[in-house]
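See structure below.
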Amino acid sequence: MNKTIFNSIAVGGGAYGDEGKGRIVDEFVHYFSKNKKVILYRDNGGANAGHTVEVQDQRIALHQLPSGIFTKGATIVLGKGMVIHPSDLLEEIREVREINNGELLVEIIVDEMAVLALDTHRAFENILKNWQEGMKGSTGRGIGPAYADILYRHPLRARDLKNWNEEKIRKHYELYDALIKGLNGDLKTTEVNMLRGNGKRAVGSIEEFVSRLKDESKELNKYIKDCHSFLLETWNKPQEYAFVFEKSQAVGLDPRYGVYPDVTASDCTFAGILSSTEGAIDPAKVNYRINVIKGTYMSSVGTRKLPTLITSSIADMIRKDAHEYGATTKRPRDIAWLDLPALHFFNQVGKATHLALTHMDIIYPDTMVKVCIAYELDGKRVGYRPDQEYLSKVKPIYEELEPWSRAEIQKAKDAHEIPDQAKKYLDFVSQKIGLPIFIITTGPKREQSISLIKLQ
Ligand code: IMP
């Protein structure tokens, strides 16, 4: 049905997050909204995601809302595969409205099956972090415990707010109270992070917790819907509707494929679209599945020790030039050379069809671009495996490629104007990862991007 009509694109992270997905999403939303109704779907993650968007000269850090939230007339679906924090989501919606003089330009739908990630989860994660010494890597948004609820078979879902299932909500609090007591903590007084900077609040008593959720549910209920039939219907009208899937995090953070144990909890591959939509949308039928990576380096937040970590002053230079500080946590990001064994693996298991390379202007005239082409372990060439212990033993084997001129690539308007050294570099990376490159970005402005594939 969707074979010939170009109406869908999925954009994910092909490395360790923060690759600039929002920017690529923006390109396609802009393209589709000229002649179709755009549906922006997010299938994984929650308030751990973070990207900064510039609108009307104001910068706003988005977390649970995708970057297409400012697309007039679009429908934003926060899917079943997400974990939703009601207070933070309402705060984010308020801020988005404020930027638009009180108006919301889009329709927001929260799938009634989406799981709630609450203060209880954040508190438990804090307490667990102290107990599991050394595990300091989460964003503190309770993401892991909220997803764990599904496997423990006691998740609170968005529909429990809408139908106000107080008994279930109370039982939820009691469970986390007991878990936290078991680790010598106190749920009521534990402080948890809130959206926006250093905001914190104590979880409070069961009565306070229930009454706050009740108040929030009154505001949130209008967004909570059963969206399965909506998805089936719109997906089967490719002339009328276009779909942009904006994933959160990245395959290098996926619990099965990422640098375990410093990983998130959701499905960071394109396969997550299938489970989140309960099979309504087959990601294999999405026209292009693009994983975004940074062109000349990788960045990482957390405690993972990457084999290609840069320890010289080049890391500081890149961090400064490319503003490599976490949008959610503000932590300075680790900077590493491109690790092709890892990227090959991530993009294969992530089921991408294409790559996007951002930050192609982060390049220095006197510094060769180092790229890791394989690892060595006990005298043998080996590949990536999702295990921190293994990765801390391998030694990267590098190849060095010629740098290109930053000024020249920033000026390039189309593929012919890309400097020769950069073209060679792009071919090299594409061939080693085994995927064609769809688009590159060469600077912060919208027009500083070059499509290498002609759209149908
Ligand atoms: P969690 O998702 O809060 O459980 O955090 C697990 C790991 O994933 C931590 O190392 C986080 O820093 C990392 N992480 C989670 N979300 C993002 C993201 O959007 N960008 C980059 N790293 C992330």
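When a ligand or atom number is given, it counts from 1 through the structure's own listing order.
Side chain to side chain, S87 and E216 meet the donor-acceptor criterion of an N or O pair below 3.5 Å. Residues T264 and Q249 bring no donor and acceptor atom of their side chains to less than 3.5 Å of each other. For the residue pair Y364 / D321, a side-chain donor-acceptor distance below 3.5 Å is found, with atom types taken as modelled.
Listed by number with element, the atoms of ligand 1 under 4.0 angstrom from any heavy atom of V263 are 6 (C), 7 (C). Taking every heavy atom of L253 and a limit of under 4.0 angstrom, the matching atoms of ligand 1 come to 8 (O), 14 (N), 17 (C), 21 (C), 22 (N), 23 (C). Every atom of ligand 1 with a heavy atom of R331 under 4.0 Å away is listed here by number and element: 12 (O). Within ligand 1, counting atoms from 1 as listed, the ones closer than 4.0 Å to a heavy atom of T264 are 1 (P), 2 (O), 4 (O), 6 (C). Annotation for ligand 1: atoms under 4.0 Å from non-hydrogen atoms of D18 are 20 (N), 21 (C). Numbered from 1 in the order shown, with element, the atoms of ligand 1 that lie under 4.0 Å from a heavy atom of D262 read 9 (C), 10 (O). Close approach of ligand 1 to G302 is summarised as follows: ligand atoms under 4.0 Å from at least one heavy atom of the residue are 10 (O). Heavy-atom proximity to Y16, at under 4.0 Å, picks out these atoms of ligand 1: 21 (C), 22 (N).
Not one N or O of S138 is nearer than 3.5 Å to an N or O of ligand 1, by distance alone.
A cation-pi arrangement is present between K370 and Y398, with the terminal nitrogen or guanidinium carbon under 6.0 Å from the aromatic centre and inside a 45° cone about the axis.
A salt bridge is absent between K432 and E399; no separation between the charged side-chain nitrogens and carboxylate oxygens falls under 4.0 Å.
Taking K162 as the reference, nothing meets the side-chain hydrogen bond (donor to acceptor under 3.5 Å, both in side chains) condition, with sequence neighbours excluded.
The shell of residues lying under 4.0 angstrom from ligand 1, judged by heavy atoms, includes A49. Under the 4.0 angstrom criterion for non-hydrogen atoms, R141 is not in contact with ligand 1. Proximity of T303 to ligand 1 is not established, as no heavy-atom distance is less than 4.0 Å.
The environment of K222 atom NZ is dense: over 12 non-hydrogen atoms of other residues, nucleotides or ligands sit within 6.0 angstrom.
Looking at L89 and V110, their side chains come closer than 4.5 Å, going by heavy atoms from C-beta outward.
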